[in-house]
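This is the structure I have questions about; it appears just below.
Note that these values count all heavy atoms, side chains included, but never hydrogens, waters or copies made by symmetry.
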Amino acid sequence: MPPDGWQPSGWIPTSLPAGALRSIGSVSAANAIRTPQFWLLWVVLCFNVTAGDRHPGERAAPIYSDFFPGGSGLAAAAAGFVAILSLANMLGRVV
């Protein structure tokens with residue numbers, strides 16, 4: 001950490017009015033959805049959420065079969081458990 005009061009050589013601080021944006025290009029929400037950067041970030045987020053949604057269901061069936069070995073309805077019960085877990089995961093992400 002630099003010492004208190006340290007400034008780079010040649011740096012001249014600018015004074016901004018209180019509450020002013022410090023970025024060069026401010027974009028409103030209405031205009032942001034029209035930019036390619038917004039849609040690229042949205043696609044990345046969509047893939048990330050989709051991949052994250054897959055993992056709990058992928059792990060749930062082996063966990064269920066470890067706790068309840070054997071039985072004739074194991075496959076159906078495990079599938080139901082995975083479906084409920086995935087549904088709860090999806091609803092939790094929306095909420």
Side-chain angles (χ1 to χ4, degrees):
M1 297 295 296
D4 291 335
W6 180 86
Q7 296 177 353
S9 62
W11 180 68
I12 301 171
T14 59
S15 60
L16 293 173
L21 288 175
R22 295 178 187 249
S23 64
I24 294 171
S26 68
V27 179
S28 68
N31 289 333
I33 63 171
R34 297 184 183 136
T35 63
Q37 291 88 350
F38 173 84
W39 291 107
L40 290 172
L41 285 172
W42 188 89
V43 167
V44 168
L45 176 66
C46 181
F47 286 152
N48 188 16
V49 170
T50 303
D53 190 37
R54 195 190 90 178
H55 291 293
E58 179 180 301
R59 301 280 183 213
I63 291 170
Y64 191 85
S65 63
D66 285 346
F67 279 111
F68 305 102
S72 59
L74 177 66
F81 177 69
V82 169
I84 290 171
L85 183 67
S86 295
L87 180 64
N89 189 4
M90 179 188 66
L91 291 174
R93 290 173 189 271
V94 171
V95 171

Partners passing side-chain hydrogen bond (donor to acceptor under 3.5 Å, both in side chains) against D4 (at least two apart in sequence or in another chain): none
Common cluster, F38/V43, ILVMFWY with side-chain heavy-atom separation under 4.5 Å: yes
Contacts of type side chain to side chain contact (heavy atoms under 4.5 Å, CB included), residue L87, not counting sequence neighbours: M90, L91
Atom CH2 of W42 with >12 non-hydrogen neighbours under 6.0 angstrom: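 Atom CH2 in W42 is not packed in, count stays at 12 or less.
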Same cluster (ILVMFWY, side-chain, under 4.5 Å), L40 and I33: no
